[in-house]
> 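One structure, pasted below without further comment.
As the structure is a prediction and not an experimental result, all values here were calculated from the model.
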Amino acid sequence: MAWKRGYKSSVGMGFEDSLLGGQAVPSLVQLPINSFGLKSAGNLQQRKTITGHRSPTKPFRGNPEIKGQLVMPMSVRHIGYPLKLAFGAPTTTDNGDGSYTHVFTIGDETPSAIFERALGGDILVRNTGVKVESLSFDCEKGSEQLMNFDLVGCTETRPLAAWDDTPDTHAFDAWEAFQGTLSQGATVLGIARKFSFTMNFGVEAFPGLDGKQGYTDFDQNLVELSFEAETKFENATYIDAALNETALDFAFEFVKDAHSLKFEWHECQVEESAPGIEGTQGILQPLKTIPYAESHADLSAVVITLTNDVETY
């Protein structure tokens, strides 16, 4: 029997018509991935039944925890699908030149998805009712540019037939770390050498009593987000902003040819963190901010703008 290989595997994703409602017309898109860890775990539980001997009785099935991380390259076309799962459908504008601009903001509700992985190319595992718990990415020159999505699902099954025999595909092209720029206001911060962004969507799976294994719904609470950077220390701008509680606006953008992905945080508080003196070398400034939404028109703590040649997500 041949050993199944990761490089022969694939992952398809499609949006459900409603939570656990499937799709009226089966439709998946194949994602480029570095790894896919969504799976059921921690199911079997030991019984404490007294039987007159020390050996335990047959274990029972607890409610599975269906979680794991999708790690994928920052693909100029595919990245819109997990972003839609995280934020909801974007507002899309046809630019009239073959390109489209998709704007993602924080809303009240998010969709759910079907994920189907083909292990080694032919052993199928399907998860339904999947949502994004959190997302993150790091940017540093010389590293592969990836984006991480922590997923949580309602069910896991092993079907014998594929949900969609011919999933949609897109040509693969991806942003690289050196194509990212961090700016504060209108100023590009070329002094930054590392950047990381994390966002938790406040999603919690609800194990309703419905006679089935798995979860039946999700509670969606407030989001939490932050970003950090390491910069050259040139002046006291960020020390003063922290001490005076001055709101600053930041953006991080990847640009490659006609494709771009821009993260905007219009209102940010800088955490107090004056640099120390580590030696004779140049002083580095740790920069940590917490974005929020209070007075900006869109009331979204982050606005993500994706421009590419995909017509709709």
Side-chain angles (χ1 to χ4, degrees), residues 11-16 18-21 28-29 31-43 62-75 78-90 104-117 125-139 145-157 196-208 212-228 252 261 263 265 288 290-293 300-304 306 313:
V11 172
M13 170 193 175
F15 295 99
E16 295 179 321
S18 60
L19 181 64
L20 296 173
L28 301 181
V29 61
L31 298 178
I33 63 166
N34 279 40
S35 64
F36 184 78
L38 181 65
K39 59 182 182 293
S40 177
N43 196 8
N63 205 46
E65 183 177 80
I66 303 169
K67 291 187 176 185
Q69 190 173 75
L70 162 65
V71 180
M72 61 184 292
M74 201 77 90
S75 168
H78 301 89
I79 202 69
Y81 293 99
L83 286 177
K84 178 181 175 180
L85 184 59
F87 288 89
F104 299 86
T105 57
I106 300 170
D108 291 332
E109 300 292 336
T110 57
S112 58
I114 298 168
F115 280 87
E116 188 169 86
R117 60 191 184 273
V125 180
R126 183 181 303 155
N127 296 102
T128 61
V130 179
K131 286 183 177 275
V132 175
E133 279 191 316
S134 64
L135 66 81
S136 64
F137 74 88
D138 301 308
C139 188
Q145 189 57 57
L146 302 172
M147 198 161 188
N148 310 312
F149 296 87
D150 290 305
L151 306 176
V152 56
C154 289
T155 70
E156 181 170 282
T157 58
S196 63
F197 172 56
T198 301
M199 184 170 183
N200 188 309
F201 289 90
V203 172
E204 184 176 351
F206 181 79
K212 302 175 184 177
Q213 292 283 97
Y215 297 89
T216 58
D217 206 347
F218 291 95
D219 183 20
Q220 295 191 192
N221 213 319
L222 293 178
V223 301
E224 296 180 356
L225 59 166
S226 66
F227 66 81
E228 299 183 28
F252 196 95
L261 178 65
F263 298 78
W265 304 275
K288 181 177 181 181
I290 296 182
Y292 61 97
S300 183
V302 60
V303 177
I304 301 176
L306 170 64
Y313 284 101

> Is the shortest heavy-atom distance from the side chain of Asn221 to the side chain of Glu204 under 4.5 Å?
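No; the side chains remain at least 4.5 Å from each other.
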> Taking the side chain as C-beta and beyond, is there a heavy-atom pair between Lys39 and Val125 under 4.5 Å?
no
> Just to verify, what does Phe104 make a ring pair (Phe, Tyr, Trp, His ring centres under 6.0 Å) with, not counting sequence neighbours?
none
> Report yes if the side chains of Phe137 and Met199 come closer than 4.5 Å at any heavy-atom pair, otherwise no.
no
> Looking at the rings of Trp265 and Phe252, which for Trp means the six-membered one, are their centres under 6.0 Å apart?
no
> Is there a donor-acceptor pair closer than 3.5 Å between any side-chain N or O of Glu156 and the backbone N or O of Ser40?
yes
> Begin from the C-alpha positions of Tyr313 and Tyr81 and carry the test ring-ring contact (aromatic ring centres under 6.0 Å, His included) through to its verdict.
CA-CA 6 Å; Tyr313 284 101; Tyr81 293 99; 4.8 Å; yes
> Can you find a side-chain donor-acceptor pair between Ser112 and Glu16 that sits under 3.5 Å?
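The criterion, which ignores hydrogens and geometry beyond distance, is satisfied for Glu16 and Ser112.
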> Hey, could you give me the CZ/CZ distance between Phe263 and Phe197, rounded to the nearest 0.5 Å?
6.5 Å
> Assess, by modelled atom type and distance only, whether the side chains of Ser226 and Thr198 contain a donor and an acceptor separated by less than 3.5 Å.
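No, no side-chain donor-acceptor contact under 3.5 Å.
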> Output the distance between atom CZ (Phe227) and atom NZ (Lys288), rounded to the nearest 0.5 Å.
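With rounding to 0.5 Å, CZ (Phe227) is 11.5 Å from NZ (Lys288).
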> For Ile106, does its backbone N or O pair with a side-chain atom of Ser300 as donor and acceptor, under 3.5 Å?
yes
> Is there side-chain contact between Leu306 and Ile79, with at least one heavy-atom pair below 4.5 Å?
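Yes - at least one pair of side-chain heavy atoms lies under 4.5 Å apart.
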> Is any side-chain N of the basic residue among Lys67 and Glu133 closer than 4.0 Å to the acidic one's carboxylate O?
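Counted as a salt bridge, because a side-chain N and a carboxylate O are separated by less than 4.0 Å.
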> Could you walk me through whether Phe218 and Val152 pass side chain to side chain contact (heavy atoms under 4.5 Å, CB included), step by step?
CA-CA 10 Å; Phe218 291 95; Val152 56; 3.7 Å; yes
> Of the non-hydrogen atoms in Pro32 and Ser75, which two are nearest, and what is the gap between them?
CG-CB, 4.2 Å
> Which of these passes side-chain contact (heavy atoms from CB on, under 4.5 Å) with Leu151: Asn127, Val203, Leu70?
Leu70
> Between Asn200 and Ser134, is there a side-chain donor-acceptor contact under 3.5 Å, judged purely by atom types and distance?
no
> To the closest 0.5 Å, what do you measure between OG1 (Thr216) and CG (Leu19)?
8.0 Å
> Is any side-chain heavy atom of Val11 closer than 4.5 Å to a side-chain heavy atom of Phe115?
yes
> How far apart are the closest heavy atoms of Pro207 and Ala205, and which atoms are they?
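Heavy atoms of Pro207 and Ala205 come nearest at CD-O, 3.7 Å.
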> Any heavy-atom pair between the side chains of Met72 and Asn34 that's under 4.5 Å?
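A side-chain contact is absent here, since even the closest heavy-atom pair is not under 4.5 Å.
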> Does a donor on one side chain and an acceptor on the other come within less than 3.5 Å for Thr110 and Lys131?
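Yes.
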> Considering non-hydrogen atoms only, spot the tightest contact between Tyr215 and Pro64 and give its length.
CE1-O, 3.0 Å
> Can you give me the closest heavy-atom contact between Leu135 and Ala86, atom names plus distance?
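The answer is CD2-CB, 4.3 Å.
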> Relative to Phe15, does Lys84 satisfy both conditions: NZ or CZ under 6.0 angstrom from the six-membered ring centre, and within 45 degrees of the ring's axis?
yes
> For residues Val132 and Phe201, determine if any side-chain heavy atom of one lies less than 4.5 Å from a side-chain heavy atom of the other.
yes
> Should we count CD1 of Ile290 as having more than 12 external heavy atoms under 6.0 Å?
no
> State the CG-CD1 distance between Leu20 and Ile114, to the nearest 0.5 angstrom.
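So the CG of Leu20 and the CD1 of Ile114 are separated by 9.5 Å.
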> What distance separates Leu261 CG from Leu83 CG, expressed to the nearest 0.5 Å?
6.5 Å
> With distance as the sole test, does Glu116 use its side chain to make a donor-acceptor pair with the main-chain N or O of Leu28 at under 3.5 Å?
no
> Between atom CG of Asn148 and atom CD of Gln69, what is the distance when rounded to the nearest 0.5 Å?
4.0 Å
